[in-house]
Peer 1: 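Would you mind keeping the following structure in view while I ask a few things?
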Amino acid sequence: MKEFEQTFDILHNPSQEELVKAASVACGVPVSRVRQCVVVRRSLDARSRPVYRYRLRAFLEGDEPPREYVFDYKDVHDSPEVIVVGGGPAGTFASLKLLEKGLKPVILERGKDVHSRKVDISAIVREGVVNADSNYCFGEGGAGTFSDGKLYTRSSKRGDIQEVLRQLVAFGAQQTILTDAHPHIGSDVLPRVMESIRNCIVAHGGEYHFGSKVVDLTPPASKGGKWKVLCADGCCYSAANVILATGHSARDIYELFVSKGWALQAKGFALGVRVEHPQHLIDEIQYHKRWQPGYPHAEYALVEQVEGRGVFSFCMCPGGVLVPSTTESDAVVLNGMSPSTRSGKKANAGIVCSVEPQDVAGFEKYGPLALLEFQKSVENRMFANSGSFRAPAQRMTDFCRGKMSSSLPSCSYAPGVDSAALTGLLPDFVASRLRRVFPLFDRKMHGFYTQEALVLGVESRTSSPVRIPRDENTLCHIALEGLYPCGEGAGYAGGIVSSALDGIAVVNAICSRNLL
Ligand SMILES: Cc1cc2nc3c(=O)[nH]c(=O)nc-3n(C[C@H](O)[C@H](O)[C@H](O)COP(=O)(O)OP(=O)(O)OC[C@H]3O[C@@H](n4cnc5c(N)ncnc54)[C@H](O)[C@@H]3O)c2cc1C
């Protein structure tokens, strides 16, 4: 077996015959000796003439064939139950792993199935109403269902990323996610994938309970007993093991912990703005004016140290739209999503600055919820600017110069935007760094700092501002046997793939303890 690199024109999709020929040249053997040549990774290189750089793996006669991923989901109709609270990536991949282990997942999800969820999401714009249990963050598939579906993660130490990607492909995602350096699925494909996963889980005997918002958790009365999990509709479920994968927006779960005196910790997160540029401008910059139809739309990732603090781009969505991702009716929270083609006319990204416990003077009285209350206060201020989900916005150049914008460029954010002085709405330490960072970014991406770009408030749900502490070996809560905080809401993951990996890790940890 040998790995080698080969470039191909960006518009050319090489056939297996071409790959085998390339392998025969790279390995110095006749074509007849190459059994197979597989793409390990494909990355775009637009520094000069745009090409795809392929990392290829050649299997010659006598080599072991590539590893096959087989997912052996067992029939679990009569198996021991594990309660999974939350049907986001962490809860979903935990549930698939439970099926593999022969255990029955009972998924309690406060939101609705993906189809009903679409109706509630469109009501945010159409009627100006947020359903507190069914929105961009809550419902089947969790926060990532209506997103760009970026699957890029640096968290390779958390587990086997291919295990997640291959299951996503098996349930309907594009094959290219297995090899692309920056894979993404798209908001049009993700809901179908989540629905196929649910159908599989149910067919194997797992249970899905939508509209099941967990409002109370009661530990077992004695060692080896069962947790009682109470839902808002009065239904009560019990199991020895509960995976708590409720995401970073389930503020009521953190409040439940505080009310019970259970351990929680404040955790740093990041907060800032969304910026939106015309996509053609980003394409021009990144492709050095060589972009042409058929080329993928350009992305960017930027980071700078400003006043001793990292300021960085987050969740960049090429060809995407800005969405109202609040879970409360008195908050403005922005995020982005793109269809699989990323064919929209705008490019958006969060530009955020890290927030640490020492930054939130005045919020100490909230204890472990200090950063959460700080996050809430900024979101509420953005809402109060217009008393609606309309986002306060400013041209990037005006924002940096401290000047109100007399007009605003067109914007993809459906609820609408109002010209506002964002500096007064953002915390000072964030605003001052953001005002300095855009001209600095322009040195790396010439043309980024432009009056055609819009800066909007606020990007605040980047990761959890709270951690639910767990034992690093058992992954169980440090003081509550049988309760497994999991995924982004527990503070142990950020993003779709790392949350999915955490779900898998938690099930592996439960099974390795032989407590079932
Ligand atoms: C618009 C948007 C775009 C995004 N784009 C990307 C992207 O492109 N790539 C990426 O990697 N990440 C993206 N993210 C972030 C990503 O979605 C999250 O990191 C990921 O979904 C976290 O997974 P999770 O399972 O830990 O939590 P979540 O996905 O938040 O899932 C938690 C689930 O628990 C449910 N729940 C909450 N409370 C309760 C309760 N009391 N009872 C029962 N159920 C409950 C919720 O309804 C939800 O379904 C995006 C997020 C948003 C909002």
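Atoms within a ligand are numbered from 1 in the order they appear, just like the ligands themselves.
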Peer 1: At less than 4.0 angstrom from any non-hydrogen atom of Gly144, what atoms of ligand 1 do you find?
Peer 2: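 Under 4.0 Å from Gly144, ligand 1 has these atoms: 17 (O), 21 (O).
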
Peer 1: Indicate yes or no for a side-chain donor-acceptor contact from Ser187 to the backbone of Ser338 under 3.5 Å, with no hydrogens or angles considered.
Peer 2: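 Present.
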
Peer 1: Please work out which of Arg251, Arg110, His184 has its closest non-hydrogen atom nearest to atom 43 (C) of ligand 1.
Peer 2: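 Going through Arg251, Arg110, His184 one by one, Arg110 has the nearest heavy atom to atom 43 (C) of ligand 1.
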
Peer 1: May I ask you to identify the nearest protein heavy atom to atom 34 (O) of ligand 1, giving residue, atom name and distance to one decimal place in Å?
Peer 2: Gly86 CA, 3.2 Å

Peer 1: Where is the nearest protein heavy atom to atom 11 (O) of ligand 1: which residue, which atom, and how far?
Peer 2: Ile496 N, 2.7 Å

Peer 1: Just let me know how Pro89 lines up against ligand 1, side chain, backbone, both or neither, with a heavy-atom cut-off below 4.0 Å.
Peer 2: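 Both backbone and side chain.
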
Peer 1: Give me the ring orientation class for Trp291 and Tyr295: parallel if the planes are under 30° apart, tilted from 30 to 60°, perpendicular past 60°.
Peer 2: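 Ring orientation of Trp291 relative to Tyr295: perpendicular.
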
Peer 1: Could you establish whether Ala493 and ligand 1 come within less than 4.0 Å of each other, counting only heavy atoms on the residue side?
Peer 2: no

Peer 1: Check whether the ring centres of Tyr300 and Phe448 lie less than 6.0 Å apart, and answer yes or no.
Peer 2: yes

Peer 1: Look at Glu379 together with Arg461 and state whether they make a salt bridge at an N to O cut-off of under 4.0 Å.
Peer 2: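 Here Glu379 pairs with Arg461 in a salt bridge, since their nearest N and O are under 4.0 Å apart.
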
Peer 1: Considering only non-hydrogen protein atoms, determine which one is nearest to atom 7 (C) of ligand 1 and report residue, atom name and distance to 0.1 Å.
Peer 2: Lys150 N, 3.5 Å

Peer 1: Run down the list Thr246, Ile253, Asn335 and name the one with the heavy atom closest to atom 32 (C) of ligand 1.
Peer 2: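 Answer by nearest heavy atom: Thr246.
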
Peer 1: What protein heavy atom lies closest to atom 4 (C) of ligand 1? Include the residue and the distance to one decimal.
Peer 2: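 Result: Ser147 CB, 3.3 Å.
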
Peer 1: Does Cys486 have a heavy atom less than 4.0 Å from any atom of ligand 1?
Peer 2: no

Peer 1: Among all protein heavy atoms in this structure, tell me which lies nearest to atom 25 (O) of ligand 1, with the distance rounded to 0.1 Å.
Peer 2: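 For this ligand atom, the closest protein heavy atom is Ala90 N, 2.8 Å.
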
Peer 1: Report yes if some heavy atom in the side chain of Lys150 is under 4.5 Å from a heavy atom in the side chain of Cys315; otherwise report no.
Peer 2: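 When only atoms from C-beta onward are counted, Cys315 and Lys150 do touch, with a gap below 4.5 Å.
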
Peer 1: Out of Asp120, Asp133, Asn135, which residue meets the side-chain hydrogen bond (donor to acceptor under 3.5 Å, both in side chains) rule with Lys112?
Peer 2: Asp120

Peer 1: Could you walk me through whether Ser343 and Gln279 pass the side-chain contact (heavy atoms from CB on, under 4.5 Å) test, one step at a time?
Peer 2: CA-CA 9 Å; Ser343 53; Gln279 180 64 48; over 6 Å; no

Peer 1: What do you reckon, does Val497 have a nitrogen or oxygen under 3.5 Å from a nitrogen or oxygen of ligand 1?
Peer 2: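 No, there is no polar N/O contact under 3.5 Å.
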
Peer 1: Which residue holds the protein heavy atom closest to atom 50 (C) of ligand 1, what is that atom called, and what is the gap in Å?
Peer 2: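 Here the nearest protein heavy atom works out to Ala143 O, 4.0 Å.
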
Peer 1: Hey, could you give me the CE/CZ distance between Met194 and Arg117, rounded to the nearest 0.5 Å?
Peer 2: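 Result: 9.0 Å between the selected atoms.
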
Peer 1: Check ligand 1 against Ala250 and write out every atom of the ligand that is under 4.0 Å from a heavy-atom position of the residue.
Peer 2: 37 (C), 38 (N)

Peer 1: Once you round to the nearest 0.5 Å, how far does CG of Asp113 lie from CD of Glu195?
Peer 2: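 If I round to the nearest 0.5 Å, the distance is 7.5 Å.
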
Peer 1: Any N or O on Glu109 sitting closer than 3.5 Å to an N or O of ligand 1?
Peer 2: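 Yes, since at least one N or O of Glu109 sits under 3.5 Å from an N or O of ligand 1.
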
Peer 1: Would one find an N or O of Val323, backbone or side chain, under 3.5 Å from an N or O of ligand 1?
Peer 2: no

Peer 1: Looking only at N/O atoms, are Gly139 and ligand 1 under 3.5 Å apart anywhere?
Peer 2: yes

Peer 1: Would Met337 count as a contact of ligand 1 if the rule is a heavy atom under 4.0 Å away?
Peer 2: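 Judged by the 4.0 Å heavy-atom criterion, Met337 does not count as contacting ligand 1.
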
Peer 1: For Ala245, take its heavy atoms, then give the atoms of ligand 1 lying under 4.0 Å from any of them.
Peer 2: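 Those of ligand 1 that fall under 4.0 Å from Ala245 are 32 (C), 33 (C), 34 (O).
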
Peer 1: Among Glu488, Arg117, Glu140, which residue places a heavy atom closest to atom 26 (O) of ligand 1?
Peer 2: Glu488

Peer 1: Go through ligand 1 atom by atom and flag the ones less than 4.0 Å from a non-hydrogen atom of Ser212.
Peer 2: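 Those atoms are 42 (N), 43 (C).
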
Peer 1: Verify side-chain contact (heavy atoms from CB on, under 4.5 Å) between Met316 and Val275, making sure each step is shown before the conclusion.
Peer 2: CA-CA 9 Å; Met316 197 262 152; Val275 297; over 6 Å; no

Peer 1: So which heavy atom in the protein is nearest atom 31 (O) of ligand 1, and how far is it from that ligand atom?
Peer 2: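 Checking every protein heavy atom, the shortest distance to atom 31 (O) of ligand 1 gives Gly88 CA, 3.4 Å.
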
Peer 1: Report the C-alpha distance between His209 and Tyr237 in whole Å, list the side-chain angles of each, state the deciding distance to 0.1 Å, and finish with yes or no for ring pair (Phe, Tyr, Trp, His ring centres under 6.0 Å).
Peer 2: CA-CA 11 Å; His209 299 272; Tyr237 300 82; 5.0 Å; yes

Peer 1: Considering the heavy atoms of Gly336, write down every atom of ligand 1 situated less than 4.0 Å from one of them.
Peer 2: 1 (C), 3 (C)

Peer 1: Considering both backbone and side-chain atoms of Val214, is one of its nitrogen or oxygen atoms within less than 3.5 Å of a nitrogen or oxygen in ligand 1?
Peer 2: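 Checking ligand 1 against Val214, an N or O pair does fall under 3.5 Å apart.
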
Peer 1: Quick check: does Lys213 get an N/O under 3.5 Å from an N/O on ligand 1?
Peer 2: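 Min N/O separation from ligand 1 is not below 3.5 Å for Lys213.
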
Peer 1: For the 3.5 Å polar cut-off, considering only N or O atoms, please tell me whether Phe138 and ligand 1 meet it.
Peer 2: no

Peer 1: Centres of the His248 and Phe269 rings: under 6.0 Å?
Peer 2: no

Peer 1: Which of the numbered atoms in ligand 1 are under 4.0 angstrom from any heavy atom belonging to Leu108?
Peer 2: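 Near Leu108, meaning under 4.0 Å from one of its heavy atoms, ligand 1 has 43 (C), 44 (N).
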
Peer 1: Counting from 1, what ligand 1 atoms have a heavy atom of Gly247 closer than 4.0 Å?
Peer 2: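 Per the distance check, 27 (O), 28 (P), 30 (O), 32 (C).
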
Peer 1: Mind running side-chain contact (heavy atoms from CB on, under 4.5 Å) on Ile121 and Tyr136 for me, showing each step along the way?
Peer 2: CA-CA 6 Å; Ile121 280 169; Tyr136 275 99; 3.2 Å; yes

Peer 1: Can you name the atoms of ligand 1, numbered from 1 with element, that are less than 4.0 Å from a heavy atom of Val85?
Peer 2: 42 (N), 43 (C)

